[in-house]
Amino acid sequence: SRPTITNMPRTKKPAQLTLVVLLQSLAGVEVIVELRNNTQLKGTVESVDPHMNVYLTDLEIRKITSYTQRPVVSKFESMFVSGRNIRYVHIPDKVDVGRTLDKYLDVSENAKRLYKRGMRKDPLKERKIVE
């Protein structure tokens, strides 16, 4: 039988199975973001937050107007794009999505482990000194 969502083994946490993680793993990659109003943004992903808000740098905006049917092109140094306005994110063919995700998840797990290690209480400070 084919694996389905309900009978697949749980190897990843639910937060690691979202499309936001895919976008977060594309930091530093040039992508094309298509907005709900048919505007295309071509730029480098700087960061992505959990709400899928994207911060792009070195971008080119292409907007097709209804009266000219030719794209109007503008260039910007950076732009914040609200996640609710994003229709598609075109990932370049040169990006190996599986490898990129694995690398991102490994790095984030290591960072979490280091953070938790730093948050542990020092056992020497917890001891009460009885005189």
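Values reported hereafter were calculated over all heavy atoms of this structure, with side chains retained and with hydrogens, waters and symmetry mates removed. The shown structure was predicted, so the numbers you read here are calculated from the model rather than taken from an experiment.
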Pairs in or reaching into residues 82-92: which pass salt bridge (Lys or Arg N to Asp or Glu O under 4.0 Å), with residues at least two apart or in two chains?
-> Glu34-Arg87

Smallest separation among heavy atoms of Ser25 and Thr100, with atom names = O-CG2, 3.2 Å

Taking everything shown except Tyr88 itself, do over 12 heavy atoms lie less than 6.0 Å from its OH?
-> no

Under 3.5 Å, sequence neighbours excluded: what are the donor-acceptor pairs made by side chains of residues 50-57?
{"unit_1": "Asn53", "atom_1": "OD1", "unit_2": "Gly83", "atom_2": "N", "d": "2.7"}
{"unit_1": "Asn53", "atom_1": "ND2", "unit_2": "Asp49", "atom_2": "OD1", "d": "3.4"}
{"unit_1": "Asn53", "atom_1": "ND2", "unit_2": "Asp49", "atom_2": "OD2", "d": "2.9"}
{"unit_1": "Tyr55", "atom_1": "OH", "unit_2": "Ser78", "atom_2": "OG", "d": "3.3"}

Looking at CD of Glu60 and CD of Glu30, how far apart are the two atoms once the value is rounded to the nearest 0.5 Å?
-> 8.5 Å

Honestly curious: do Phe80 and Val33 fall in one hydrophobic cluster under the side-chain, below-4.5 Å linking rule?
-> no

Quick one: CG on Leu35 to CD on Gln40, what's the gap to the nearest 0.5 Å?
-> 9.0 Å

Please tell me if the side chains of Val45 and Leu23 come closer than 4.5 Å, counting only heavy atoms from C-beta onward.
-> no

Common cluster, Met79/Val73, ILVMFWY with side-chain heavy-atom separation under 4.5 Å = no

Under a 4.5 Å side-chain heavy-atom rule over Ile, Leu, Val, Met, Phe, Trp and Tyr, are Ile86 and Ile32 clustered together?
-> no

Between the side chain of Gln24 and the main-chain N/O of Val48, is any donor-acceptor distance below 3.5 Å?
-> yes

Pairing residues for Lys63 by the side-chain contact (heavy atoms from CB on, under 4.5 Å) criterion, not counting sequence neighbours = Asn37, Thr39

Mind running side chain to side chain contact (heavy atoms under 4.5 Å, CB included) on Ile91 and Leu22 for me, showing each step along the way?
-> CA-CA 10 Å; Ile91 301 170; Leu22 174 60; 3.8 Å; yes

